[in-house]
Structures are given as structure tokens and as C-alpha cells.
2 protein chains.
Amino acid sequence: MNETDIFRALADPNRRAVLERLLDGEKNATELREGLRISQPAVSQHVAVLRGAGLIAEKKEGRHVRYSLAPEGLAPVLDWLTRYRAYWPERVERLKALLKEMDQ
Amino acid sequence: MNETDIFRALADPNRRAVLERLLDGEKNATELREGLRISQPAVSQHVAVLRGAGLIAEKKEGRHVRYSLAPEGLAPVLDWLTRYRAYWPERVERLKALLKEMDQ
DNA sequence: GCTATAGATAAGCAGATACTTATCTATCAG
DNA sequence: CTGATAGATAAGTATCTGCTTATCTATAGC
């Protein structure tokens, strides 16, 4: 839930890959594992780190667990990044375009 | 320069503190150290990690080195984060306000 | 009940991290 | 040249990470 936990969680490529996979909807652990060349326990451990950082939520359904992105989880990163906005040169233009697009 | 290097660099509180300090202008290593309860070599090592991640630039001036934030350094983080925009609920409102303010 | 499957937990280990003290290099002041 | 200072580098070490295999728990189907 704090910046350190979140940045540490995001520092691992396999964990970012897990988040990536959740972009297109809920997944269970086995689905999250696809494409990652690590064992089932390793996935479980990564998921625990992501959950601890507040980045994913889980919902038990029988013997399956459905994992999903936690909507507010990345907010501290955005907040942190915003403090450095003076150092986002032309990226700001891209963001403006993005927000305009989102308005439609 | 890649996401992993950047997130790893940001995962350490002392390194984030160094960046924080650079928000109000160039500093030399001794100034960066103020407030951090770590040795001079530790600061030097953190600075090396931040430089390696492309987050700070340095300019030698005699026996001093002036460190500053590297403007483009955080762009990959912003880009990464943008992919999760659907999960930024009301934060978007804050950003819109911010960008409007920057237009003035 | 028995067996299979989803996922978590335990234990162990190799490599990475963050720190320390000691030392080195380079510039500056006299 | 000499001594002091800014900063980097070297070497050593305790702790943390990310992984593995083995095992455990819990649900589901028969």
C-alpha cells in the first residue's frame, strides 16, 4: 500500500507480466502462469507480493481463485509521478490527447 | 533505461529521497546526502544506480559534480502507467485539472 | 469414502542488494 | 609541492529475493 511496496512489486518483470495479463480481465493462477517459465509456487509467491502491494484483488470461487487488477492500486504511483510533472516534457501532449480521447 | 532498471531504482526509499531533493534544482553529492543517514559511499552508489536507470544526469565542475534530474528519465514509467489508465478511476479528474492548470 | 486438481505454504539455496570501512583519484587552496 | 576536500571504487558482510522441490489444504467429481 506504500510507495516502496508498490515500486518493489513492479520491479520484477514476471510480476509486471502478471499485471499485464490481468489487463484483459480476471484470471486464475493457472492462466496467469501461461507464458511465464516459472513454477506454480513462484507464481503464487508473485501474486502474494502483488496483493500485498494492493495491486491485485482476489475472489475465491470454489477451488479456483479469480484474480483481477485492483483499481486504486496504482494511484500512489500516479501521485508520485505527478510530483515530477515538470520533467515530463512532450509526454504531456500525449496525455492530453489521451484524456481528450477518453472524453469521447 | 528499461522498465526494470527504473522500477528497481525507484524501489529504494533513499533513492527516491535523492530524486526528491533534486526537484528543487541541481545538487552535489554532499548536498544530496543531507538528511539521509547513510555513508558517503552509499550515496555515491545510489547515485550510480539512478544514473544507470537514466533518472539523473551529472555535470562535472572542477572537483564538484552537479547532479540533476534527467527530464526524459521517467517517461517509461508514465508510458507503462498509461496502459493501466482504465484502472485510474477518479484520478483522471485530478490529472485533467492538473493539465488545465499547466495550460495557464 | 477416494482421487484429482487449484492454489498456498515450507524449507532451502544461489545470487543480488544495501550497507559498511578503507582506500583511491582528482581538484583546489595555500 | 602539500594538505584538504569531493566523490568513486574496492572489498567484505548481513540481509533480502526469487527460485526450486516437496508438502499441505481445500474443493470437486465419482
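All chains are named by letter (A, B, ...) in the order of the sequence lines, taking the proteins before the strands, and each is independently numbered beginning at 1.
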Atom pairs under 3.5 Å, N or O on each side, protein against nucleotides 22-30 of chain C: can you list them with distances?
from, atom 1, to, atom 2, distance (Å)
C/dT27, O3', B/Arg63, N, 3.3

Distances for protein N or O near nucleotides 12-17 of chain D N or O, under 3.5 Å:
from, atom 1, to, atom 2, distance (Å)
D/dT17, OP1, A/Arg8, NE, 3.0
D/dT17, OP1, A/Arg8, NH2, 2.6
D/dT17, O5', A/Arg8, NH2, 3.0

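The side chain of A/Asn28 places no N or O atom within less than 4.0 Å of a non-bridging phosphate oxygen (OP1 or OP2) of C/dT5. A close approach under 4.0 Å does not occur between any side-chain nitrogen or oxygen of A/Ser39 and OP1 or OP2 of D/dT21. Here A/Tyr67 does not reach the OP1 or OP2 of C/dA6: none of its side-chain N or O atoms lies under 4.0 Å away.
Rounded to an integer number of Å, the gap from CG of A/Leu32 to C1' of C/dG7 is 12 Å. In this structure, A/Arg51 places its CZ atom 11 Å from C1' of C/dG7, rounding to the nearest Å. If you measure from atom CD of A/Glu34 to atom C1' of C/dA6, you get 14 Å, rounded to the nearest angstrom. When the P atom of D/dA6 is taken as reference, atom CZ of B/Arg66 falls 12 Å away, rounded to whole Å. B/Lys27 has its NZ atom 16 Å from the P atom of D/dA6, to the nearest Å. We find that CG of B/Leu10 is positioned 14 Å from P of C/dT17, with the value rounded to whole Å. Rounded to an integer number of Å, the gap from CD of B/Glu31 to C1' of D/dT5 is 14 Å. Atom P of nucleotide C/dT17 and atom CZ of A/Phe7 are separated by 17 Å, given to the nearest angstrom.
Taking the six-membered ring where tryptophan is involved, the planes of A/Phe7 and B/Phe7 are tilted, since the angle between them lies from 30° to 60°.
Under a 4.0 Å N-O distance rule, the pair B/Lys27/B/Glu34 does not qualify as a salt bridge. The existence of a salt bridge linking B/Glu3 and B/Arg8 is excluded, since no basic side-chain nitrogen approaches an acidic carboxylate oxygen closer than 4.0 Å.
Under the 3.5 Å distance criterion, the side-chain polar atoms of B/Thr82 are matched with a main-chain donor or acceptor of B/Leu78. Remark: side-chain polar atoms of A/Arg15 are not paired, donor with acceptor, to backbone N or O of A/Leu10 under 3.5 angstrom. Panel note: side chain B/Arg21, backbone B/Val18; no donor-acceptor pair is recorded below 3.5 Å.
One hydrophobic cluster holds both B/Val65 and B/Leu19 under the rule that ILVMFWY side chains link at heavy-atom gaps under 4.5 Å.
With values rounded to the nearest 0.5 angstrom, A/Leu22 atom CG is found 4.5 Å from A/Leu69 atom CG. Rounding to the nearest 0.5 Å gives a distance of 10.5 Å between CZ of B/Arg83 and CZ of A/Arg16. Atom-to-atom distance recorded for A/Asn14:CG and A/Leu50:CG is 10.5 Å, nearest 0.5 angstrom.
Within the 4.5 Å cutoff, the side chain of B/Arg66 has no heavy atoms near those of the B/Glu58 side chain.
Residues of residues 42-50 of chain A that place a heavy atom closer than 4.0 Å to DNA chain D, in numerical order, are A/Ala42, A/Gln45, A/His46.
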